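The next block holds one structure in the form of structure tokens; read it before the comments.
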Amino acid sequence: MSDPKLNPIDNPVASLGGLRREKLARLSKLGIHTIADLLWYGPKRYEDRNRPQKIEDLVKGDIATVAGVIKAGGVKRMRGGRSMFEFIVDDGTSRLNCRWWNMPYMNRYYKAGDNVHVHGKISAQKPLTMDHPEAEVDEEGDEFIHLKRVVPVYRLTEGIQQRWLRSVMWQAVDQFAEKVTDVHSNWIEGDDGYWFSLKKAFKEIHFPDDTEQASLARERLALEEFIRFYCRIKDKRQLFQSKIKALDCSGDDSLMKPFLSNIGFDLTGAQQRAWFDISRDMKGSFPMRRLLQGDVGSGKTVVAACAAVQAVESGFSVVLLAPTEILAEQHYRVFKKWFEPLGINVHLHTGSKKTLDSIDRQQCELDVIERALPPVVVGTHALVEDKFSLNNLGLAIIDEQHKFGVEQRKKLVRKGHYPHVLVMTATPIPRTLGLTVYGDLDCSIIDELPPGRGRVRTFVRSPDSLPKVWEFIRGKVTEGRQAYIVYPRVDDQGGGSIKAVNQEFESVKENLAPHSVGLIHGKLKPSEKEEAISGFLSGEIKVLLSTSVIEVGVDIPNSTIMLIENADRFGLAQLHQLRGRIGRGSFESYCILIAGDISEEGRRRLNVMEKCRDGFMLAEEDLRQRGPGELLGKTQSGMPNFNFGDLVEDWILIQKARSLVDRNYNI
Ligand code: ADP
Ligand code: MG
């Protein structure tokens, strides 16, 4: 039964009347349960049935819609029990063969003499043929919905036919588009430009006057989705802020002053601005929820360290979560160097190493009782495990946060009572995703590299040039520099030209003798990994062969060469991360991307790396080429789903939505 208080568009589709139950079940497979779901279900494309294309103009490879009369048709039995249904369409200019395999029942629906529309790709020229096109028979009286107009074509599922869905949609738009609650059109009015009301947008998205109107409608509906998305974020945030009071992490500068004067460099302007935001948040009355973005090597760690110092100064402990043991150990080393002179204890807590053992735990508790300083604990996902706990958690820092799932982040934060949270990422997030996936976080950006960095040059080369490349690497290593060599795989999986680090190790060692060569990858024991990294760090190992495990965070300024084999196997953002491992000192650095026989498209992608140093631009290019899911990784389940909004293209709409919500929410 429908609830009269409810907006009628929130009623089940069944309230349209005349629909069979079995059809309703099928619709729900498309995610359509209510009238609103139906209205928000946009066409995947349109067909201009006022202007079909002429068959005589078509050539192989064209995607086209044509309209004509079925001349002949029938089912042919083929060998192996297969069958083919075929008909020939004549539109007065020429003829087109349409074929479907193993769908003999189609014979029942298409008869000689029927007027049909077919849409598909021309798969052969002689005779002109379409394989598996979409086809629809015209019937009398169809003018308004299916004919002589721009018609919508929807994504279907089994048991739902195009014409049926189109008719249902017509009914829904006709009866319900005007009942949609449309508060935001008032917000948009008075802003620049002309925008449809929602009512008109729904009409034009499904049954447009022409394709231009359809595209205006799409923009209006996308804008509506983004506005609603930000409103939900605001709701959540206000609820959170009304309930939760922040821990007082105001600090007293007693440790901050000596910390800043001991690190050995001055913060860059961008670091200072980011630090200012963070420090202010931590003094505020709501728990901090901030994202710190900065390209590889921009110096996020020291800013996080400032936050840690302010928390400790205020009497609270700190955890820092890193995605790999290699990175956790690096942070541990750096924090120890910075913090121990100040009297702050630093602990490591990873799957393989837990310096915070039971004795330390007692010590921590004693520390608290004796009003000594609370500790900083650096670790990996082991920190997230149920067993781990820490008294008085005031600040949770998550480094390279895109490597973690939303659940892991939440679990870490739950280790305390609403601690301040700082998440950091060096994988530059394309602007559109930044505003959506991280829409609930405040954002600070470090957009400047520390001074005195050497130039990084990037070259794409074919495997033929490897002998010269080895020569070059030998020369640089002799001069005292170090190199990374990265492979897409740990072990050879046989057949093919994809190189694996284990198989290449011996020959590279021989090739570079007498220089020492180390090996690291995800399948090594933690102690072996640590040995490799510390050997490389001390300079004992000159060349480190690796998989992408060194992708994030590793900071070794003397390494100036990054050679990546089968570079086309990596995404642009990932290549940029890998390249971020070099150019961290004052020497000139070289990133060499090796790619063999790859597609034109693949080559173009790699050439972008040669020209572009800007991680944000690369990430946007990656987003365009590989889509948001791929770029963010499977773990980012917080990804919103938009029917009309496009996270690749709609930057302007997303910005507009955000500013409209900021201006109008709560007024
Ligand atoms: P990322 O942002 O990629 O995490 P890091 O925090 O690892 O970068 O910093 C890269 C290197 O730059 C580190 O060796 C760090 O000590 C150094 N560094 C950071 N800030 C400055 C600065 N303001 N001046 C000089 N060196 C800096
Ligand atoms: Mg880092």
Side-chain angles (χ1 to χ4, degrees), residues 256 259-278 290-309 320-339 341 376 378-380 397-404 422-429 443-456 482 484 533 536-539 548-560 562 573-587 589 591 613-616 618-619:
M256 191 62 72
F259 170 71
L260 288 174
S261 56
N262 285 346
I263 48 177
F265 50 78
D266 293 326
L267 297 185
T268 62
Q271 283 171 321
Q272 277 173 14
R273 285 190 291 278
W275 166 233
F276 179 81
D277 292 343
I278 293 166
R290 187 167 287 276
L291 170 68
L292 178 58
Q293 276 194 79
D295 211 340
V296 278
S298 60
K300 294 180 290 295
T301 316
V302 68
V303 176
C306 288
V309 169
L320 184 150
L321 175 66
T324 62
E325 294 209 356
I326 297 170
L327 188 52
E329 298 214 3
Q330 176 181 297
H331 284 323
Y332 174 61
R333 269 194 310 272
V334 171
F335 277 22
K336 250 171 118 83
K337 184 181 82 190
W338 284 339
F339 290 169
V376 174
V378 179
T380 55
I397 304 168
I398 300 169
D399 193 18
E400 307 291 352
Q401 72 75 41
H402 56 284
K403 295 278 169 187
F404 295 98
L422 177 66
V423 303
M424 308 199 286
T425 183
T427 288
I429 303 152
C443 184
S444 301
I445 294 180
I446 304 182
D447 54 4
E448 171 186 3
L449 290 183
R453 296 280 171 86
R455 187 158 65 132
V456 180
Q482 288 169 280
Y484 297 97
I533 284 286
F536 195 61
L537 191 59
S538 71
S548 61
V549 285
I550 53 141
E551 174 188 341
V552 289
V554 177
D555 182 42
I556 298 172
N558 189 45
S559 44
T560 60
M562 170 64 65
Q574 205 178 9
L575 289 173
H576 182 67
Q577 279 280 336
L578 286 167
R579 178 168 62 182
R581 299 308 116 222
I582 56 172
R584 291 181 162 246
S586 54
F587 301 103
S589 292
C591 174
R613 281 274 305 135
D614 180 329
F616 284 88
L618 286 170

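Only a predicted model underlies this, so the values are computations on that prediction, with no experimental measurement involved. Remember, it's 1-based here, ligands and their atoms both numbered in the order they're listed. Index from 1, following the sequence.
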With backbone taken as N, CA, C and O and side chain as the heavy atoms from C-beta onward, which portion of [X] lies under 4.0 Å from ligand 1: side chain, backbone, both, or neither?
X	result
R584	side chain
D266	backbone
V334	neither

Just jot down the ligand 1 atoms closer than 4.0 angstrom to any heavy atom of [X], in number order.
X	answer
G299	1 (P), 2 (O), 5 (P), 6 (O), 8 (O), 9 (O), 19 (C)
T268	23 (N)
V296	3 (O)

Is the backbone N or O of [Y] less than 3.5 Å from a side-chain atom of [X], with the two atoms forming a donor-acceptor pair by type?
X	Y	answer
R579	V456	no
E400	P323	no
Q482	F536	yes

Practice problem: Let me see the working for H576 and D295 under side-chain contact (heavy atoms from CB on, under 4.5 Å), right down to the final yes or no. | Solution: CA-CA 9 Å; H576 182 67; D295 211 340; 2.8 Å; yes
Practice problem: Would you mind finding which of L449, T301, I556 brings a heavy atom closest to atom 4 (O) of ligand 1? | Solution: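 Among L449, T301, I556, the closest heavy atom to atom 4 (O) of ligand 1 belongs to T301.
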Decide whether an N or O pair under 3.5 Å exists between [X] and ligand 1.
X	result
R453	yes
G297	yes
F265	no

Self-check item: Set of salt bridge (charged side-chain N to carboxylate O under 4.0 Å, His left out) partners for E329, sequence neighbours left out
Solution: K353
Exercise. Scan residues 262-271 for pairs that pass side chain to side chain donor-acceptor pair (under 3.5 Å), counting only residues two or more places apart or in two chains.
Key: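 Listed by first then second residue: T268-Q271.
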Self-check item: Between R581 and S559, a side-chain donor and acceptor under 3.5 Å
Solution: no
